[in-house]
Visitor: 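If you scroll down you'll find the structure; I have some questions about it.
In what follows, chains carry the letters A, B, and so on, assigned in the order in which the sequence lines appear, proteins first and then strands, with residues in each chain numbered from 1. FYI, side chains are in, hydrogens and waters are out, and symmetry mates aren't considered; it's all heavy atoms of this structure.
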Number of protein chains: 2
Amino acid sequence: MGTQNLRKDVHTDGTPVLCLSCEARHRGICGALTPEQLTALSKTSWKHKAAEGQELVADAERIESYSNILSGVVKLTKTLADGRQQIVGLQFAPDFLGRPFKAESRITAEAATPVQLCSFPRSTIDRMIRESPGLEHKLLEQTLKELDEARDWMVTLGRKTAAEKVASYLLMIARHIDPSAEPDEASATFDLPMTRADIADFLGLTIETVSRQITKLRTDGVIVIENNRHVVVPDLERLEIRAGS
Amino acid sequence: MGTQNLRKDVHTDGTPVLCLSCEARHRGICGALTPEQLTALSKTSWKHKAAEGQELVADAERIESYSNILSGVVKLTKTLADGRQQIVGLQFAPDFLGRPFKAESRITAEAATPVQLCSFPRSTIDRMIRESPGLEHKLLEQTLKELDEARDWMVTLGRKTAAEKVASYLLMIARHIDPSAEPDEASATFDLPMTRADIADFLGLTIETVSRQITKLRTDGVIVIENNRHVVVPDLERLEIRAGS
DNA sequence: CGTGCTGTTGATGCTCCTCAAGTACCGTGG
DNA sequence: CCACGGTACTTGAGGAGCATCAACAGCACG
């Protein structure tokens, strides 16, 4: 009963106003914080928005803050000296954005769609990591998840054909952002969060090849497209077959 | 003085015999354990060897044990339904081998060279993770390192030419296993820990293309090869240029 | 109604894959 | 000792897949 009361207090009085309706408090890393820590963090954190295309973290930049993604999609890119670019990760709400234990990033983070963020100073989180094992555990779980995803994409990049790459991409996006996402739904509807150029950089292809493969999926009836961005997948299984599993 | 004495005890009496000369105790995850934990772990752990090519963790297998790699190279691979294969990671001593918090692996781990391992039951480590924040911190650091490496390879897989891929691979191997590895040495000498087939699976190429590119590097004087495996890189900078940075 | 951006479509060529043959190196057994 | 088979690697010829270059369509913007 006592703990029941305490827990109730957390949700009513203990939680900072800023965090009350925040998804990161439930599914994100803030779920690992005590009400006291949450209060302390909320005093130095700030919510803000970033427009599509805006750079959030620059390559080789000193990092002074981390963020939670509250909505939208963030792309992580790496660029070679001659300008060739590769997207090495996509992050969705309520992912944590930042590289703990390294002062400098070797990655560029950019808003792929309009994005809402909740940012806080690096030093605060670094300190809380030391104090709170639960926070480190959350970070480890997200990092392991990102590593699993990165390795899945390595197979796609290294061993799949252009057609399979595009199908795999559509499948991944459908699973992440279909608003009507029943997990075992046979169909999906969503808006592509990225331009053809972004998709090409993600798949290691050119925009022309991406365009041609999307056209092929469309003429084959695997997908329906309106306005170049809105996608309907009437039968996800057909798309899965195209993705080469 | 008291802690000084305690620390001295750790190194003389407190450390289990099995672990006394073990590299994992210094640079690996065991460095995060207390002498008591180390003793407890050593009672259920066992050192063993695996021959080149031996499967250490099978795809879709239930995992009942984790390991530290004491020597040798382990390759992590993923395979598509039709047999196409991609190496998604290489691990060297004293890396930790295993995927915490997941009972099943979606990856195959195989000895690329003869390998020495120190294995222990999954349950023991899972418990120690809960008890010891330092251990979780070590795991987080290794996972972040692996994620950084995976993302670097995504650029190589997605955006580099065959010639650049092979040069990048040689450069990475040189940095990991040149025994005379002075960090800012201009030259390097080492034995390739993998066959041409492995290298191809790592780079998303065919063995023929790998062979041709190695031949080209050889005839251009960038590398010298004896017995197909022993490699000398007289000037690492020349190789770096070929790797497309 | 131009201008710029995003996306599509077509023609051509290069990179790398596929198929095939051949070499070098090993341990085995005659 | 050499024949033998197996494995790893190399080299060549030809072709498929994707990149490159180029033109064009649709749409939003001032």
Visitor: Looking only at side-chain atoms of B/Ser211, point me to the closest of D/dT11, D/dC18, C/dC16.
Guide: D/dT11

Visitor: Using whole Å, report how far CD1 of A/Ile223 lies from P of C/dG7.
Guide: 13 Å

Visitor: Measure from the side chain of A/Thr161, starting at C-beta and using heavy atoms only, and say which of D/dC18, C/dT18, C/dT9 lies closest.
Guide: D/dC18

Visitor: Which heavy atom in A/Val73 sits nearest to a heavy atom in A/Val115, and how many Å separate them?
Guide: O-CG2, 3.5 Å

Visitor: Hey, does B/Ile207 reach any base, or is it just sugar-phosphate, or nothing, if we go heavy atoms under 4.0 Å?
Guide: nothing

Visitor: Please verify the inter-ring angle class for B/Phe92 with B/His176; under 30° counts as parallel, over 60° as perpendicular, anything in between as tilted.
Guide: parallel

Visitor: Relative to the 5' end of DNA chain D, which residue comes earlier, A/Thr209 or B/Arg212, by the nucleotide with the nearest heavy atom?
Guide: B/Arg212

Visitor: Mind calculating the distance between NE2 (B/His230) and P (D/dC9) to the nearest angstrom?
Guide: 16 Å

Visitor: Measure the distance from CD on B/Glu226 to C1' on D/dA8 and round it to the nearest whole Å.
Guide: 18 Å

Visitor: It should be established whether B/Arg229 places a side-chain nitrogen or oxygen under 4.0 Å from OP1 or OP2 of nucleotide C/dC25.
Guide: no

Visitor: Using every non-hydrogen atom in the two residues, find where B/Ile87 and B/Asp198 come nearest and quote the distance to one decimal.
Guide: CD1-O, 3.4 Å

Visitor: B/Leu217 CG to D/dT10 C1': how many Å, rounded?
Guide: 15 Å

Visitor: May I ask you to say what A/Thr206 touches in the nucleic acid, namely base, sugar-phosphate or nothing, with a heavy-atom cut-off under 4.0 Å?
Guide: base

Visitor: Is the shortest side-chain N/O distance from A/Asn228 to OP1 or OP2 of C/dT8 below 4.0 Å?
Guide: yes

Visitor: Would you indicate what B/Gly204 reaches in the nucleic acid, counting non-hydrogen atoms under 4.0 angstrom: base, sugar-phosphate, or nothing?
Guide: sugar-phosphate

Visitor: Counting heavy atoms from C-beta on, name the nucleotide in D/dC9, D/dC18, C/dC16 closest to the side chain of B/Ala162.
Guide: C/dC16

Visitor: Heavy atoms only, 4.0 Å cut-off, all strands: where does A/Leu205 land among base, sugar-phosphate and nothing?
Guide: sugar-phosphate

Visitor: If you check every side-chain atom of B/Arg196, which of D/dT10, C/dC17, C/dT9 has the closest atom?
Guide: D/dT10

Visitor: Rounded to whole angstroms, how far apart are NZ on B/Lys160 and C1' on D/dC18?
Guide: 20 Å

Visitor: Nearest whole Å is fine: how far is C/dG7 P from A/Asn227 CG?
Guide: 12 Å

Visitor: Write down the distance between CD1 (A/Ile225) and C1' (C/dT8), rounded to a whole number of angstrom.
Guide: 12 Å

Visitor: To the nearest Å, how far apart are B/Lys165 NZ and C/dT15 P?
Guide: 14 Å

Visitor: Salt bridge or not for B/Asp220 and B/Arg242, using N-O below 4.0 Å?
Guide: yes

Visitor: Which nucleotide in the list D/dA22, C/dA20, C/dC16 gets nearest to the side chain of A/Glu208?
Guide: D/dA22

Visitor: Grab the two heavy atoms, one from B/Ala188 and one from B/Ala174, that are nearest each other, plus how far apart they are.
Guide: CB-CB, 4.1 Å

